[in-house]
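First the structure, in the form of structure tokens, and then the observations on it.
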Amino acid sequence: MEASRSPAGGPSPNHDPNPNPNSIASSLPLWPTIDGPLGLSEEDAAGYARRFYQFGFALLPWLWAVNCFYFWPVLAHKRSFPQIRRYVFRSAIGFSVFSAVLCAWALTFAIGGEGLFGSVWNQLVMYNLADKWGLTGWD
């Protein structure tokens, strides 16, 4: 008991006012990017997150994945950086939808094939177009 007091009789200056390490304040990240202190400031990070989100609509949805990866601390903690979080969260939704559509399209062609598309299948697949236009080079 005496070891935790300062010589003046008051509490120790090194005493932690919040002894619970699982509190909300201690779990929030200090930096919005995965780079930590080497990364961007909060103002610059908001600008980059907004641009990544907007350019994802310009048929570059992989930027949404980059946005989610780079700003992972914002995405992982619900109460941190609300100005940045809306763009990162929307990027996560956009990339998820894009991935689902791309996988559905690829699986439709891979599994369905000629049985699903019938005679149109020969006009859709690229290797038949290459043969038709003489681009294979092994005739």
Side-chain angles (χ1 to χ4, degrees):
M1 179 84 176
E2 290 296 319
S4 66
R5 296 193 173 262
S6 68
S12 173
N14 295 332
H15 178 68
D16 185 13
N18 189 4
N20 185 2
N22 295 327
S23 70
I24 294 173
S26 66
S27 67
L28 293 178
L30 298 173
W31 301 97
T33 64
I34 59 169
D35 294 338
L38 299 175
L40 303 168
S41 67
E42 188 173 351
E43 296 81 25
D44 291 339
Y48 278 102
R50 182 179 59 250
R51 277 183 249 146
F52 281 153
Y53 173 68
Q54 291 170 343
F55 285 137
F57 285 106
L59 298 177
L60 300 170
W62 298 109
L63 287 177
W64 288 331
V66 170
N67 204 11
C68 294
F69 174 74
Y70 191 62
F71 294 105
W72 179 254
V74 175
L75 195 59
H77 300 281
K78 292 181 180 179
R79 295 187 177 141
S80 65
F81 306 105
Q83 183 181 11
I84 301 169
R85 182 170 170 74
R86 69 177 144 175
Y87 296 117
V88 178
F89 187 71
R90 290 175 185 173
S91 293
I93 292 171
F95 184 70
S96 298
V97 169
F98 165 75
S99 297
V101 169
L102 182 65
C103 288
W105 175 75
L107 288 173
T108 299
F109 276 89
I111 295 172
E114 193 170 358
L116 181 65
F117 293 100
S119 62
V120 178
W121 173 251
N122 289 327
Q123 297 171 352
L124 294 175
V125 292
M126 290 303 293
Y127 58 84
N128 287 344
L129 290 176
D131 285 338
K132 186 169 104 178
W133 292 342
L135 299 174
T136 56
W138 52 73
D139 281 337

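Throughout, residue positions are numbered sequentially from 1 according to the sequence presented. Computed from heavy atoms alone, side chains included, the values below leave out hydrogens, waters and symmetry copies.
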Hey, what do you get for [atom1] ([X]) to [atom2] ([Y]), rounding to the nearest 0.5 Å?
X     : Y     : atom1 : atom2 : result
Arg51 : Asn67 : CZ    : CG    : 11.5 Å
Arg86 : Ser91 : CZ    : OG    : 12.0 Å
Phe95 : Trp62 : CZ    : CH2   : 4.5 Å

Phe55 atom CZ: more than 12 heavy-atom contacts under 6.0 Å: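 12 or below, so no.
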Atom CZ of Phe69 with >12 non-hydrogen neighbours under 6.0 angstrom: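 Not more than 12 within 6.0 Å, no.
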Contacts of type side-chain hydrogen bond (donor to acceptor under 3.5 Å, both in side chains), residue Thr33, not counting sequence neighbours: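 Result, side-chain hydrogen bond (donor to acceptor under 3.5 Å, both in side chains) vs Thr33: none returned.
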In one Ile/Leu/Val/Met/Phe/Trp/Tyr side-chain cluster, 4.5 Å: Leu107, Val101: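 Unlinked, Leu107 and Val101 end up in two clusters.
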Single-linkage hydrophobic cluster Val120~Phe109, side-chain heavy atoms < 4.5 angstrom: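 Yes, it is one cluster - the side chains of Val120 and Phe109 are joined through contacts under 4.5 Å.
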Test side chain to side chain contact (heavy atoms under 4.5 Å, CB included) applied to Ala76 - qualifying residues, sequence neighbours left out: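 Listed in chain order: Trp72.
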Residue pairs, two or more places apart or on separate chains, that pass side chain to side chain donor-acceptor pair (under 3.5 Å) and touch residues 92-108: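 Sorted pair list comes back empty.
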Which residues share a ring pair (Phe, Tyr, Trp, His ring centres under 6.0 Å) with Phe89, sequence neighbours left out: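 With neighbours one apart ignored, the set is empty.
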Residues forming a ring pair (Phe, Tyr, Trp, His ring centres under 6.0 Å) with Tyr87, sequence neighbours excluded: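 Checked Tyr87 against ring pair (Phe, Tyr, Trp, His ring centres under 6.0 Å); matches are Tyr53.
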Contact check, side chains of Lys78 and Arg85, non-hydrogen atoms, under 4.5 Å: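 Yes, close enough: below the 4.5 Å cut-off.
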Minimum heavy-atom distance between Trp64 and Phe52, given as atom pair plus value: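 Residues Trp64 and Phe52, closest heavy atoms: CD1-O, 3.9 Å.
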Least distance between heavy atoms, Pro73 atom then Pro32 atom: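 Taking every non-hydrogen atom into account, CD-O, 3.9 Å.
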Would you tabulate the side-chain donor-acceptor contacts of residues 34-50 under 3.5 Å, counting partners in other chains and residues two or more places apart, or write 'none'?
{"unit_1": "Asp35", "atom_1": "OD2", "unit_2": "Tyr70", "atom_2": "OH", "d": "2.8"}
{"unit_1": "Ser41", "atom_1": "OG", "unit_2": "Asp44", "atom_2": "N", "d": "3.4"}
{"unit_1": "Ser41", "atom_1": "OG", "unit_2": "Asp44", "atom_2": "OD2", "d": "3.4"}

